[in-house]
2 protein chains.
Amino acid sequence: MQEILRRQIEKIVPLTDYEFQLVLSYFSIGKYKKHQYIVQQETPVPYVHFVVKGLLRSFYLDQSGKSHILQFAMEDWWITDNQGFYKGENATLNIDCLEDAQTYYITLENRDQLCVALPKMEFFFLQKMTAGNIALQNRILSLMSKNSEERYLQFIQLYPDLIQRLPKTLVASYLGISRETLSRLSH
Amino acid sequence: MQEILRRQIEKIVPLTDYEFQLVLSYFSIGKYKKHQYIVQQETPVPYVHFVVKGLLRSFYLDQSGKSHILQFAMEDWWITDNQGFYKGENATLNIDCLEDAQTYYITLENRDQLCVALPKMEFFFLQKMTAGNIALQNRILSLMSKNSEERYLQFIQLYPDLIQRLPKTLVASYLGISRETLSRLSH
DNA sequence: GATAAAGTGTGACCTAAATCACGTCAGTGG
DNA sequence: CCACTGACGTGATTTAGGTCACACTTTATC
């Protein structure tokens, strides 16, 4: 179970058994049930979560009550409200579980201390953050330059494994289109 | 001129004079004229640029020939094609100068070596990347949840200094709306 | 195993924004 | 000083996608 985290880190920096145990010692384990919230708008965001099992989503509720999915996170993904977590502000997003889930979570203080104890972890986090940036930029360009169908096809291609676990309603909300429009696309 | 870079770094990590000279030694200075390209689609992306003077933009040309502005960069901002630069791929974006410009630029190898020579710089880059992530996520939510007018007003509010230096055509292209629609907004 | 709650498809209609097509004006460069 | 280019506004028309309203099916839940 912890191997999944180790494997991800080792794709970027090698770790001895001892070092990995050290890494782990900064994390806690959380178990959550479907529909459970782990971050709620207007409340603090103490943790970033590494998903070990299950499926979560972060979403924004706009003034008119519509929800917009910013991110999904299944096994091997990280999730939090970045703005709240890194700037120490209250959440603007909600995060809840689409399936029963288990995560390793860490506070910002612990993350920073981990980087002091094991400096190569800072490089790991920098690489992850960089990869996140690239993905976000591509999503922006996709929103600006592609129509609904093209975005849907791109999503299928990028996340073939995710799509099987998601109702189309949620995919639509991620793509920024209505449920009905998506329904009409998949003939 | 170099003070602008020093001030930005020192907002995150303190530097001695010696350390700052060390930092600088990894950068080169580039001067560019209005309309000049510093990154071109389908070619390598050797540098990330810190803008010291002037104004640049990165944009994506889609299949139909429409251009979509991903980012502006004026003094005190960083700019590159992230995907090309960090993954060592050819550019998918173009970057050109909207005004005569001057930058400090650095290769990925030099950045990494700088972080070895002065580890706190890695923390600096991590913080910058994190801030970038937050901004990108907010932009995505804005694209998904706001209409043209709301996005325009938000832009004015976020970048009051930028807007004075930009023709509305380019602002429209950044916001993902047509020139004409933007024109009709500002009554 | 009954009842409720999600998920999905589809028709009818509406609307924000794109597109096309002008005209005007300012700046720039030969 | 003239010609060209880019910026900007504005009308007329089109269109992708949103919204509303139903029906039907599948999945949870007590």
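Chain letters run A, B, ... following the sequence lines, proteins first and then strands; every chain starts at 1. What you see is a predicted model, and the numbers here were worked out from it, not measured in a lab.
Residues forming a side-chain contact (heavy atoms from CB on, under 4.5 Å) with Gln2(A) (at least two apart in sequence, or on another chain): Phe20(A), Gln21(A), Leu24(A), Tyr104(A). Not counting sequence neighbours, the partners of Tyr105(A) by the ring pair (Phe, Tyr, Trp, His ring centres under 6.0 Å) test are Tyr47(A), His49(A). Listed by chain and residue number, nothing satisfies the salt bridge (charged side-chain N to carboxylate O under 4.0 Å, His left out) test with Asp161(A) (two or more places apart in sequence, or in another chain). Arg57(B) meets the salt bridge (charged side-chain N to carboxylate O under 4.0 Å, His left out) test with Asp96(B); sequence neighbours excluded. In this view, Ala117(B) and Leu22(B), Tyr26(B) satisfy the side-chain contact (heavy atoms from CB on, under 4.5 Å) rule, not counting sequence neighbours. Listed by chain and residue number, Val51(A), Gln71(A), Trp77(A), Ile79(A) satisfy the side-chain contact (heavy atoms from CB on, under 4.5 Å) test with Ala73(A) (two or more places apart in sequence, or in another chain).
For the helix from dG1(C)-dC30(D) to dG30(C)-dC1(D), the rotation axes defined at the first and last 5 base pairs enclose an angle of 50°, given to the nearest 10°.
Look at Ser178(A) and you won't find any side-chain N or O under 4.0 angstrom from OP1 or OP2 of dT19(D). Contact annotation: Ser183(A) reaches the phosphate of dG9(C) (side-chain N/O to OP1 or OP2, under 4.0 Å). Using a 4.0 Å cut-off, some side-chain N or O of Lys66(A) falls inside it from OP1 or OP2 of dT19(D).
Near DNA chain D, meaning a heavy atom under 4.0 Å away, the residues from residues 142-155 of chain A are Asn147(A), Ser148(A). Across residues 156-177 of chain A, Pro167(A), Lys168(A), Thr169(A) each have a non-hydrogen atom less than 4.0 Å from an atom of DNA chain C (numbered order).
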- Message: Checking Leu5(B) against Asp76(B) for the side chain to side chain contact (heavy atoms under 4.5 Å, CB included) test, could you report, in this order, the C-alpha distance in whole Å, the side-chain angles of both residues, the deciding distance, and whether it holds?
- Response: CA-CA 7 Å; Leu5(B) 176 55; Asp76(B) 212 32; over 6 Å; no
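Side-chain contact check for Thr130(A) and Asn133(A): no donor-acceptor pair (N or O, by modelled atom type) lies under 3.5 Å.
In this structure, Gln8(A) and Trp78(A) have side chains that are in contact, with non-hydrogen atoms separated by less than 4.5 Å.
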Return the polar atom pairs (N/O with N/O) between nucleotides 20-30 of chain D and the protein under 3.5 Å, or none.
unit_1	atom_1	unit_2	atom_2	d
dC20(D)	N4	Glu180(A)	OE2	3.2

Show me the donor-acceptor pairs within less than 3.5 Å that the side chains of residues 162-173 of chain B make with the rest of the protein, sequence neighbours left out.
unit_1	atom_1	unit_2	atom_2	d
Arg165(B)	NE	Glu99(B)	OE2	3.1
Arg165(B)	NH1	Glu75(B)	OE1	2.9
Arg165(B)	NH2	Gly54(B)	O	3.4
Arg165(B)	NH2	Glu75(B)	OE2	3.2
Arg165(B)	NH2	Glu99(B)	OE1	2.8
Ser173(B)	OG	Ser67(B)	O	3.2
Ser173(B)	OG	Ile69(B)	N	3.2

Which atom pairs, one a donor and one an acceptor, fall under 3.5 Å between side chains of residues 120-128 of chain B and the rest of the protein, sequence neighbours left out?
unit_1	atom_1	unit_2	atom_2	d
Lys120(B)	NZ	Pro14(B)	O	2.8
Lys120(B)	NZ	Glu19(B)	OE1	3.0
Lys120(B)	NZ	Glu19(B)	OE2	3.3
Glu122(B)	OE1	Phe123(A)	N	3.4

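One atom, NZ of Lys33(B), and another, C1' of dT28(C), lie 16 Å apart when rounded to the nearest Å.
Between Phe27(A) and Phe50(A), the ring center distance fails the sub-6.0 Å criterion.
Annotation: cation-pi pair Arg111(A)/Tyr86(A) absent, no NZ/CZ under 6.0 Å from the ring centroid and within 45° of its normal.
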